[in-house]
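Some notes on the structure that comes next.
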Amino acid sequence: MKIVVIGGTGLIGSKLVKKLGEQGHEAIAAAPNTGVNTITGEGLAQVLKGASVVVDVSNSPDWEESAVLKFFEKSTRNLLTYEAATGIRHHVALSVVGTQQLSESGYFRAKIVQENLIKASSIPYSIVHATQFFEFLKGLADISMVGDKVHLPPVLFQPMAADDVASALARVAIGQPVNGVVEIGGPEQFRVDDLVRRRLASIKDPREVIADPNARYDGAKVSEKTLVPGNNARLGETRFETWLTQSAVVRVATNEKESRKKAS
Ligand SMILES: NC(=O)c1ccc[n+]([C@@H]2O[C@H](COP(=O)([O-])OP(=O)(O)OC[C@H]3O[C@@H](n4cnc5c(N)ncnc54)[C@H](OP(=O)(O)O)[C@@H]3O)[C@@H](O)[C@H]2O)c1
């Protein structure tokens with residue numbers, strides 16, 4: 001089956017393209033640096049030719065409120081228009097658990113617009129709501145700064161490894177459209193502040209993390225369960241400590257490679 005992965009060069013997209021390829025599918029990574037741009041339309045008609053499924057795991061390069069809204073609106077409209085013209089049978093998009101409750105955040109308002117466009121289109125679809133990626137924990141600290149400290153609400157949190165996100169997406173992409181939302185999450189629950197503190201400590205980031213009940217999540221008020229999936233969620237296998245160990249090994253290997261490159 002030919003499957004086009006929009007954002008196929010990104011964190012999730014590159015893992016997804018690899019997994020689909022290993023399963024015998026023709027998986028194409030579509031992104032500006034492979035000649036496909038969902039904003040300008042460049043390369044879209046060509047890449048969709050002969051494809052059955054499109055998986056959209058793209059992200060806006062700019063998270064400023066109006067830029068991110070423009071990105072998801074324009075990109076999704078273009079994609080759906082080209083998909084309808086080429087007869088795509090299944091549109092899969094990656095979004096976030098709790099999106100509908102996070103509309104105080106500019107980023108999540110843009111994701112809501114993306115989801116609504118997909119639901120209103122004529123193309124059968126599956127929207128995958130994932131919890132936060134372990135790989136995003138440092139980024140979460142970066143967007144939660146008050147002065148020189150990280151302020152986070154101590155609410156429940158069930159993040160997952162990007163690799164497990166890609167595996168779940170691959171399963172959805174080769175399955176039948178659900179015309180609804182599939183939730184996926186990690187195997188363990190934590191408190192947001194606690195896990196971000198542990199992640200920063202693991203990379204020797206000295207920033208202090210404050211458990212602040214009034215702190216917002218990317219600008220949105222959250223309650224105890226906003227960020228955790230429901231009981232029917234499909235759960236990934238990778239536990240946080242396992243992921244930490246694996247990512248430390250990768251970091252050491254990458255540093256050694258860099259040092260060898262500099263020395264030669
Ligand atoms: N972060 C989280 O914890 C989390 C949780 C749940 C869901 N999500 C969702 O997961 C999705 C993917 O996130 P990610 O971290 O894998 O993203 P990422 O690593 O930033 O990758 C984004 C991809 O989008 C591509 N892209 C950007 N502009 C494009 C355009 N005009 N046309 C086509 N492709 C374009 C990029 O291509 P270039 O590299 O060429 O620019 C890149 O391949 C997002 O939609 C996000 O909402 C994230």
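Note that ligands are numbered from 1 as they come in the structure, with each ligand's atoms numbered from 1 the same way. Values below: every heavy atom of this structure, side chains too, minus hydrogens, waters and symmetry copies.
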Against heavy atoms of [X], which atoms of ligand 1 measure under 4.0 Å?
X	answer
N33	40 (O)
Q132	3 (O), 5 (C)
V36	32 (N), 33 (C)
I39	31 (N)
N37	30 (C), 31 (N), 32 (N)
S95	6 (C), 7 (C)
A130	6 (C)

ask   = For L11, is at least one N or O under 3.5 Å away from an N or O on ligand 1?
value = yes
Exercise for review: Applying side chain to side chain contact (heavy atoms under 4.5 Å, CB included) between I3 and each of E26, H25, H90, report the one that passes.
Suggested key: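 Of all the options given, the one that passes is H25.
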Which residue owns the protein heavy atom closest to [atom], what's the atom, and how far is it?
atom	result
atom 30 (C) of ligand 1	T38 OG1, 3.5 Å
atom 25 (C) of ligand 1	G7 CA, 3.7 Å
atom 34 (N) of ligand 1	P32 CD, 3.3 Å
atom 46 (C) of ligand 1	Y107 OH, 3.3 Å
atom 28 (N) of ligand 1	F71 CE1, 3.5 Å
atom 21 (O) of ligand 1	G10 CA, 3.4 Å
atom 10 (O) of ligand 1	L94 CD2, 3.2 Å
atom 4 (C) of ligand 1	F133 CZ, 3.2 Å

Pair up each side-chain donor or acceptor in residues 172-181 with any protein partner under 3.5 Å, not counting sequence neighbours, and list the distances.
{"residue": "N179", "atom": "OD1", "partner": "Y125", "partner atom": "N", "Å": "3.0"}

Evaluate the criterion side-chain hydrogen bond (donor to acceptor under 3.5 Å, both in side chains) for residue pair Q114 and K111; output intermediate values, then yes/no. CA-CA 5 Å; Q114 176 189 20; K111 294 297 285 184; 2.9 Å; yes
| said: Under a 3.5 Å distance rule, please check whether S105 uses its side chain to pair with a backbone N or O of D218 as donor and acceptor. | reply: yes
Margin query: Heavy-atom contact check, 4.0 Å cutoff: does T131 meet ligand 1?
Written below: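 It does; at least one heavy atom falls under 4.0 Å.
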Requested in this report: For S75 and ligand 1, answer yes if some heavy atom of the residue is under 4.0 Å from a ligand atom, otherwise no.
Outcome: no
Taking V68 as the starting point, is it possible to reach L94 by hopping between hydrophobic residues whose side chains are less than 4.5 Å apart?
yes
Inset, instruction - Give a yes or no on whether F240 and V155 share a hydrophobic cluster (residues Ile, Leu, Val, Met, Phe, Trp, Tyr; joining criterion: side-chain heavy atoms under 4.5 Å apart). - result: yes
What one should report as the nearest heavy-atom pair of V192 and P153 is CB-O, 3.5 Å
**Report entry** Test log, rule side-chain hydrogen bond (donor to acceptor under 3.5 Å, both in side chains), inputs T245 and T242
**Finding:** CA-CA 5 Å; T245 311; T242 311; over 6 Å; no
Report the part of E135 (side chain from C-beta onward, or backbone N, CA, C, O) that has a heavy atom under 4.0 Å from ligand 1; answer both or neither where that applies.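 Contact part for E135 vs ligand 1: neither.
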Closest to atom 16 (O) of ligand 1 (judged by heavy-atom distance), picking from I6, T9, I12: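 Among I6, T9, I12, the closest heavy atom to atom 16 (O) of ligand 1 comes from I12.
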| task | Determine, considering heavy atoms only, which of N59, V68, V97 sits nearest to atom 22 (C) of ligand 1. | result |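 Among N59, V68, V97, the closest heavy atom to atom 22 (C) of ligand 1 belongs to N59.
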Problem set entry | Verdict with supporting geometry, E115 and S95, side-chain hydrogen bond (donor to acceptor under 3.5 Å, both in side chains) | CA-CA 8 Å; E115 291 191 19; S95 192; 2.6 Å; yes
Do D62 and S60 pass the side-chain hydrogen bond (donor to acceptor under 3.5 Å, both in side chains) test, and can you show the C-alpha distance, the side-chain angles, and the key distance before you say yes or no? CA-CA 5 Å; D62 183 351; S60 173; 5.9 Å; no
So, taking the atom named CD in E83 and the one named CG in N78, what distance separates them when rounded to the nearest 0.5 Å?
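Going from the CD atom of E83 to the CG atom of N78 covers 10.5 Å.
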Residue pairs passing the salt bridge (Lys or Arg N to Asp or Glu O under 4.0 Å) test with at least one member in residues 156-175, sequence neighbours excluded, are K19-D163
Q) Is the Y107 ring parallel, tilted or perpendicular to the F72 ring (thresholds 30°, 60°)? A) perpendicular
